[in-house]
Amino acid sequence: MAGSFDAFARKLGAFVALSATELDVLSRLHRRRRTFVAGRDLVHQGQSEQAAYILTSGWVCSYKSQPDGSRQIIDFQIPGDFLGLRSILLHTSDHGIEPIGKIEAAEVLRQDLLDAFAHTPRLATAVLWAASRDEAMVVEHLVGLGRRSASERMAHMLLELGARLALVGMGDKAGYDCPLTQYHLADALGLSAVHVNRVLRQLREEGLVTFQGGHVAFNDYTGLVALAEFDPTYLDQMGPLLD
């Protein structure tokens, strides 16, 4: 099991300095492993009695479907993220979760989670922190959709993904691997795919960032931060608050 829960442990470790007992509980939450492929949702919007998942490899997106068949991507999830937590705490899931390519995730049933929280209250606090952080990101995305230009919106999202990936050891200020298509970015940023292509070309020509061949390369990290007015404080990744 070594390595299978590293990303989740690293993420929660940004809030709580995890003990050996808490790490053991995390390991047990990973015992029920499942594989999903693109096109097969883990969670369907409107579904009830659903398990939650801890993403161990690959990326997924959370989205809301509209009556006309369109969708709004709420966020992208990366290894170490909890998926569908609301779907086991609420009667009905309020959104869908779709794999971006092949993924692996640990299935967590409601009773598994409640038992883990009962035995390790600090772990429950860490998961609450992670959920609160996710909510802060959604608020930031809403501000982006309403108040940022297309280039600022794109720059902010690429920087945010980079910061999140750095936390779990999958990225740094040089860049990161990214499986997203221009259609994913369009659905997340409220743009057309043509507009996404134009914005990415503009950012590349300005020497700020290059997104090609499934890789994001920060050519001028400081300049991109200035363009997006990116302040990562809302990500709350400065180190454990609980020892």
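Side chains included, hydrogens not; waters and symmetry mates left out as well; all remaining heavy atoms used. Starting from 1, each residue takes its place in the sequence as its number.
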Novice: Between the main-chain N or O of Arg153 and the side-chain N or O of His156, is there a donor-acceptor pair closer than 3.5 Å?
Specialist: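 Flag not set: sc His156 to bb Arg153 has no pair under 3.5 Å.
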Novice: Evaluate the side-chain proximity of Phe15 to Thr125: yes if any heavy-atom separation is below 4.5 Å, no if none is.
Specialist: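 Thr125 vs Phe15: side chains touch.
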Novice: Linking I/L/V/M/F/W/Y whenever any side-chain heavy atoms sit under 4.5 Å apart, do Leu18 and Leu113 land together?
Specialist: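 Leu18 and Leu113: one cluster.
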Novice: Can you tell me how the ring of Tyr53 sits relative to the ring of Phe36, calling it parallel under 30°, perpendicular over 60° and tilted otherwise?
Specialist: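 Ring orientation, 0 to 90° scale: perpendicular.
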Novice: Which heavy atom in Ala7 sits nearest to a heavy atom in Val168, and how many Å separate them?
Specialist: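 Closest pair (atom of Ala7, atom of Val168, distance): O-CG1, 3.5 Å.
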Novice: Working to the nearest 0.5 Å, report the span between CD1 of Ile97 and SG of Cys61.
Specialist: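 Going from the CD1 atom of Ile97 to the SG atom of Cys61 covers 9.0 Å.
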Novice: Would you say Val196 and Tyr183 make side-chain contact, with heavy atoms under 4.5 Å?
Specialist: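 With C-beta onward as the side chain, the pair stays apart.
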Novice: Counting only heavy atoms not in Glu206, do more than 12 sit closer than 6.0 Å to its CD atom?
Specialist: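 Check passes, neighbour count above 12.
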Novice: Would Arg164 and Asp75 pass as an ion pair if we require N to O under 4.0 Å?
Specialist: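 Looking at Asp75 together with Arg164, the answer is yes, because their closest N to O distance falls below 4.0 Å.
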Novice: Any non-hydrogen side-chain atom of Tyr176 less than 4.5 Å from a side-chain atom of Met170?
Specialist: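 Side-chain contact under 4.5 Å: no.
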Novice: Mind running side chain to side chain contact (heavy atoms under 4.5 Å, CB included) on Glu22 and Leu12 for me, showing each step along the way?
Specialist: CA-CA 11 Å; Glu22 289 157 348; Leu12 295 188; over 6 Å; no
Novice: What's the spacing between Ile78 CD1 and Ile100 CD1 if we round to 0.5 Å?
Specialist: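 One finds 11.5 Å between CD1 of Ile78 and CD1 of Ile100.
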Novice: Are Leu180 and Met157 in one and the same hydrophobic cluster, where Ile, Leu, Val, Met, Phe, Trp and Tyr link if side-chain heavy atoms are under 4.5 Å apart?
Specialist: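 Yes, Leu180 connects to Met157 through the hydrophobic network.
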Novice: Flag the pair Met154 / Arg148 as yes when at least one side-chain heavy-atom distance between them is below 4.5 Å, and no otherwise.
Specialist: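 They are not in contact (no side-chain heavy atoms under 4.5 Å apart), so the answer is no.
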Novice: Can you tell me if Arg34 uses its side chain to pair, donor with acceptor, with the backbone of Ala105 under 3.5 Å?
Specialist: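 Side chain of Arg34 to backbone of Ala105, a donor-acceptor pair under 3.5 Å: no, none is there.
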Novice: State, without any angle test, whether Thr181 and His184 hold a side-chain donor-acceptor pair at a distance under 3.5 Å.
Specialist: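 There is such a pair between these side chains.
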Novice: Linking I/L/V/M/F/W/Y whenever any side-chain heavy atoms sit under 4.5 Å apart, do Leu200 and Val209 land together?
Specialist: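 Same cluster.
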Novice: Does Arg40 offer a backbone N or O that forms a donor-acceptor pair with the side chain of Glu98 under 3.5 Å?
Specialist: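 Absent.
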Novice: Specify whether Phe8 and Phe82 have parallel, tilted or perpendicular ring planes, treating 30° as the upper limit for parallel and 60° as the lower limit for perpendicular.
Specialist: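 Taking Phe82 first and then Phe8, their aromatic rings stand perpendicular (interplane angle over 60°).
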Novice: Provide the closest heavy-atom pair for Ala116 versus Val25 in the form atom of the first, atom of the second, distance.
Specialist: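 Residues Ala116 and Val25, closest heavy atoms: CB-CG1, 3.6 Å.
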Novice: Would Arg32 and Leu109 satisfy side chain to side chain contact (heavy atoms under 4.5 Å, CB included), going step by step from the backbone distance to the final call?
Specialist: CA-CA 9 Å; Arg32 191 179 292 107; Leu109 303 181; 3.7 Å; yes
Novice: Considering residues, nucleotides and ligands other than Glu229, do more than 12 of their heavy atoms fall under 6.0 Å from its CD?
Specialist: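 Count not over threshold, so no.
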Novice: Do Phe117 and Leu128 have side chains that approach each other closer than 4.5 Å (heavy atoms only, starting at C-beta)?
Specialist: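 Phe117 does not reach Leu128 side chain to side chain.
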Novice: What pairs of donor and acceptor atoms, side-chain ones from residues 221-228 against any protein atom, are under 3.5 angstrom apart with sequence neighbours left out?
Specialist:
none

Novice: For side chain to side chain contact (heavy atoms under 4.5 Å, CB included), just list the numbers for His141 and Ile74, CA-CA rounded to whole Å, side-chain angles, deciding distance to a tenth of an Å, and then say yes or no.
Specialist: CA-CA 8 Å; His141 298 169; Ile74 304 165; 5.7 Å; no
Novice: Using 30° and 60° as the class boundaries, would you call the ring planes of Trp59 and Phe76 parallel, tilted or perpendicular?
Specialist: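 It falls in the tilted class, 30° to 60°.
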Novice: Please check if the number of heavy atoms outside His119 that lie under 6.0 Å from its NE2 is greater than 12.
Specialist: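 No.
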Novice: Between Leu185 and Phe218, is there shared hydrophobic-cluster membership here, with clusters defined by ILVMFWY side-chain heavy atoms closer than 4.5 Å?
Specialist: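 Same cluster.
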Novice: I need the full list of salt bridge (charged side-chain N to carboxylate O under 4.0 Å, His left out) pairs touching residues 175-197, with sequence neighbours left out, sorted by first then second residue.
Specialist: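 Salt bridge (charged side-chain N to carboxylate O under 4.0 Å, His left out) check on residues 175-197 returns Arg71-Asp187.
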Novice: Which heavy atom of Ser151 sits nearest to which heavy atom of Val199, and what is that distance?
Specialist: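 Minimum heavy-atom contact is CA-CG1, 3.7 Å.
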Novice: Search all heavy atoms of Val216 against all heavy atoms of Cys178 and return the closest pair with its distance.
Specialist: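 It is CG2-CB, 4.0 Å.
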Novice: Are Ile54 and Met137 connected, step by step, through hydrophobic side chains (Ile, Leu, Val, Met, Phe, Trp, Tyr) whose heavy atoms are closer than 4.5 Å?
Specialist: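 No.
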Novice: Give, for atom CG of Asp24 and atom CG of Leu29, the distance between the pair rounded to the nearest 0.5 Å.
Specialist: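 The distance works out to 10.0 Å.
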Novice: If only atom types and distance count, is the side chain of Arg28 paired as donor or acceptor with the main-chain N or O of Asp112 below 3.5 Å?
Specialist: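 Not a single qualifying donor-acceptor pair exists.
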Novice: Closer than 3.5 angstrom, by distance alone: can the side chain of Thr210 be matched with the main-chain N or O of Ala217 as a donor-acceptor pair?
Specialist: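 No; zero donor-acceptor contacts below 3.5 Å.
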Novice: Nearest 0.5 Å, please: how far is CZ in Arg110 from CG in Asp115?
Specialist: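 The CZ atom of Arg110 is 12.5 Å from CG of Asp115, to the nearest 0.5 Å.
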Novice: Please report the shortest heavy-atom distance between His195 and Leu191, naming the atom on each side.
Specialist: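 That closest heavy-atom pairing would be ND1-CD2, 3.6 Å.
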Novice: Rounded to the nearest 0.5 Å, how far apart are CG of Leu235 and CD of Glu140?
Specialist: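 The CG atom of Leu235 sits 8.0 Å away from the CD atom of Glu140.
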Novice: Output the distance between atom CG (Leu159) and atom NZ (Lys173), rounded to the nearest 0.5 Å.
Specialist: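 Rounded to the nearest 0.5 Å, the CG-NZ separation comes out at 10.0 Å.
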Novice: List the atom of Ala130, the atom of Lys11, and the distance in Å for their closest heavy-atom pair.
Specialist: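 Heavy atoms only, the tightest pair is CB-CE, 4.1 Å.
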